[in-house]
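Computed from a predicted model, the values in this text were never measured in an experiment.
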Amino acid sequence: GSIRAKEGSNYGILRYMDTSNAYPNNKHLNVLVVIPAYNEQESIVSVVNDVVSAGYDYVVVNDGSTDETQSLCESHGFNVLNLPQNLGIGGCVQAGHKYALLNGYDVDIQFDGDGQHDARCIPSLVELIESGSDLAIGSRFVEDTDGFRSTALRRLGIVWLSFWIKAFSGKRITDPTSGFRASSKKAMALFARNYPTDYPEPESIMLAIKSGLSVNEAPVTMRERQGGKSSIGGLSSLYYMIKVSLAILIVSFSHKRKRV
């Protein structure tokens with residue numbers, strides 16, 4: 001059955017929603033596509049239509065957008081989880097993990113609301129989960145692709161973070177900043193309890209590895225963002241690299257390898 005939010009309620013991190021118009025997924029596992037969105041009015045409609053065309057259940061997690069994202073979702077009848085305030089990408093994604101667990105999904109897919117990701121690549125991530133991975137990362141670099149591979153400066157940062165994660169975990173991840181990822185129930189449970197707040201992708205990879213989860217990559221194609229503005233640019237890029245590098249180091253030494 002469906003659960004509806006109390007109007008104006010700020011109950012917990014989740015405000016429950018009606019899922020009666022969710023589209024069925026015919027795969028072996030029950031998959032939910034989680035679309036974090038903050039001020040994505042230019043792209044959110046096409047992103048949801050892409051996911052719907054691929055046949056997956058989805059939820060848009062609206063992270064306190066101040067533009068027309070919420071009204072567009074509601075006017076189109078989209079499944080949308082409206083957070084009572086802006087939590088940032090970490091809290092927004094964590095809300096999606098909690099929602100997926102609450103509603104009994106086997107796998108959730110983080111799928112950006114800016115139009116960079118291609119729903120046709122979702123099956124590759126799901127297949128990794130079916131074959132035993134707990135966290136499947138969509139990588140632009142594990143194989144040569146024709147898609148958008150980020151700017152030269154960002155690629156340099158990606159190479160550094162890949163090296164840094166391997167140095168402290170022994171695991172090579174070619175695209176540690178990728179926000180196109182699939183999580184098993186084990187990973188969802190871990191991230192629902194503990195998920196980084198800012199720039200969470202590289203740190204959460206280290207957290208998953210140190211928690212004994214299986215982390216692997218699948219090749220995906222990405223596009224340039226279709227709208228909105230990246231939170232990383234200029235001096236914030238330097239802050240990002242320092243903060244994430246330190247966070248990976250802290251996770252490495254504060255978490256002994258264990259099985260969740």
Side-chain angles (χ1 to χ4, degrees), residues 34 36 87-94 96-97 107-110 112 116 124-125 128-129 131-145 149-220 222 230-233 235-260:
V34 175
L87 299 180
I89 184 61
C92 183
V93 171
Q94 188 178 51
H97 288 309
V107 181
D108 71 17
I109 309 287
Q110 182 182 337
D112 286 355
Q116 285 191 303
S124 297
L125 299 178
L128 273 183
I129 302 297
S131 65
S133 295
D134 295 303
L135 180 61
I137 301 166
S139 173
R140 294 161 286 187
F141 309 110
V142 72
E143 290 182 5
D144 288 333
T145 65
R149 306 187 82 187
S150 195
T151 63
L153 181 60
R154 288 199 182 188
R155 287 199 300 272
L156 182 63
I158 288 167
V159 169
W160 164 253
L161 290 174
S162 178
F163 162 78
W164 199 241
I165 289 172
K166 189 175 189 302
F168 292 101
S169 72
K171 179 75 174 181
R172 182 171 184 259
I173 301 296
T174 65
D175 202 352
T177 66
S178 172
F180 194 3
R181 319 191 314 170
S183 297
S184 70
K185 274 196 170 180
K186 279 185 180 180
M188 284 190 278
L190 173 65
F191 294 151
R193 294 192 309 268
N194 185 1
Y195 199 72
T197 303
D198 296 320
Y199 316 122
E201 287 82 12
E203 184 181 347
S204 63
I205 290 170
M206 180 62 82
L207 176 62
I209 293 170
K210 290 296 182 177
S211 297
L213 300 189
S214 172
V215 181
N216 291 291
E217 293 181 291
V220 298
M222 294 194 191
S230 174
S231 61
I232 304 172
L235 288 177
S236 64
S237 298
L238 180 60
Y239 168 77
Y240 169 84
M241 291 302 301
I242 295 172
K243 182 183 187 302
V244 173
S245 296
L246 287 174
I248 289 170
L249 188 64
I250 291 168
V251 170
S252 175
F253 286 102
S254 62
H255 289 75
K256 294 182 178 180
R257 282 185 179 271
K258 60 183 178 179
R259 176 59 58 183
V260 174

Legend entry - Heavy-atom side-chain proximity of P200 to I89 below 4.5 angstrom: yes
Inset, instruction - Please work out which of the three classes, parallel, tilted or perpendicular, describes the rings of Y199 and Y240, given edges at 30° and 60°. - result: perpendicular
Inset, instruction - Measure the spacing between CZ of R172 and CD1 of I165 and express it to the nearest 0.5 Å. - result: 11.5 Å
Inset, instruction - Output the distance between atom CE (M188) and atom CG (D134), rounded to the nearest 0.5 Å. - result: 10.5 Å
Inset, instruction - Could you pull out all residues at least two apart from S162 that satisfy side chain to side chain donor-acceptor pair (under 3.5 Å)? - result: none
Inset, instruction - May I ask you to test the V142-D175 pair for a side-chain heavy-atom distance under 4.5 Å? - result: no
Legend entry - Test item: K171 side-chain N/O and V215 main-chain N/O as donor-acceptor pair under 3.5 Å: yes
Inset, instruction - Taking all heavy atoms of F191 and all of Q94, pick out the closest pair and write down the distance. - result: O-NE2, 3.0 Å
Inset, instruction - Would you give the length of the straight line joining atom CG of L87 to atom SG of C92, rounded to the nearest 0.5 angstrom? - result: 7.5 Å
Inset, instruction - Indicate the atoms forming the closest heavy-atom contact of R155 with F141, along with that distance. - result: CD-CE2, 4.1 Å
Legend entry - For the student: nearest non-hydrogen atoms of H97 and S183, plus distance: CE1-OG, 3.6 Å
Inset, instruction - Report the distance from atom CZ of R193 to atom CG of L207, rounding to the nearest 0.5 Å. - result: 9.0 Å
Inset, instruction - State, with a plain yes or no, whether a side-chain heavy atom of S245 is found less than 4.5 Å away from one of W160. - result: yes
Legend entry - Evaluation steps, side chain to side chain contact (heavy atoms under 4.5 Å, CB included), between I129 and L125: CA-CA 7 Å; I129 302 297; L125 299 178; 5.9 Å; no
Inset, instruction - Would you mind reporting whether T177 and I158 have side-chain heavy atoms less than 4.5 Å apart? - result: yes
Inset, instruction - To the nearest 0.5 angstrom, please state how far the CG atom of L161 sits from the CE atom of M206. - result: 10.5 Å
Inset, instruction - With the side chain counted from C-beta on, respond yes when Y195 and E203 share a heavy-atom pair under 4.5 Å apart, and no when they do not. - result: no
Inset, instruction - Could you tell me the separation between the CZ atom of F168 and the CD1 atom of I248, rounded to the nearest 0.5 Å? - result: 9.0 Å
Legend entry - K166 side chain reached by I173 side chain, heavy atoms, under 4.5 Å: no
Inset, instruction - Applying side chain to side chain donor-acceptor pair (under 3.5 Å), name anything that partners Q110, two or more places apart in sequence or on another chain. - result: E201
Legend entry - Donor-acceptor pair between N216 and S133 side chains, under 3.5 angstrom: yes
Legend entry - Expected output: side-chain S178 to main-chain F180 donor-acceptor under 3.5 Å: yes
Inset, instruction - Can you sort out the partners of S124 under side chain to side chain donor-acceptor pair (under 3.5 Å), two or more places apart, ordered by chain and number? - result: none
Legend entry - pair L135-S214: side-chain heavy atoms closer than 4.5 Å: no
Legend entry - Any side-chain donor near an acceptor of the partner, S204 and R181, under 3.5 Å: yes
Inset, instruction - Measure the shortest side-chain to side-chain distance between I109 and V34 over non-hydrogen atoms and say whether it is less than 4.5 angstrom. - result: no
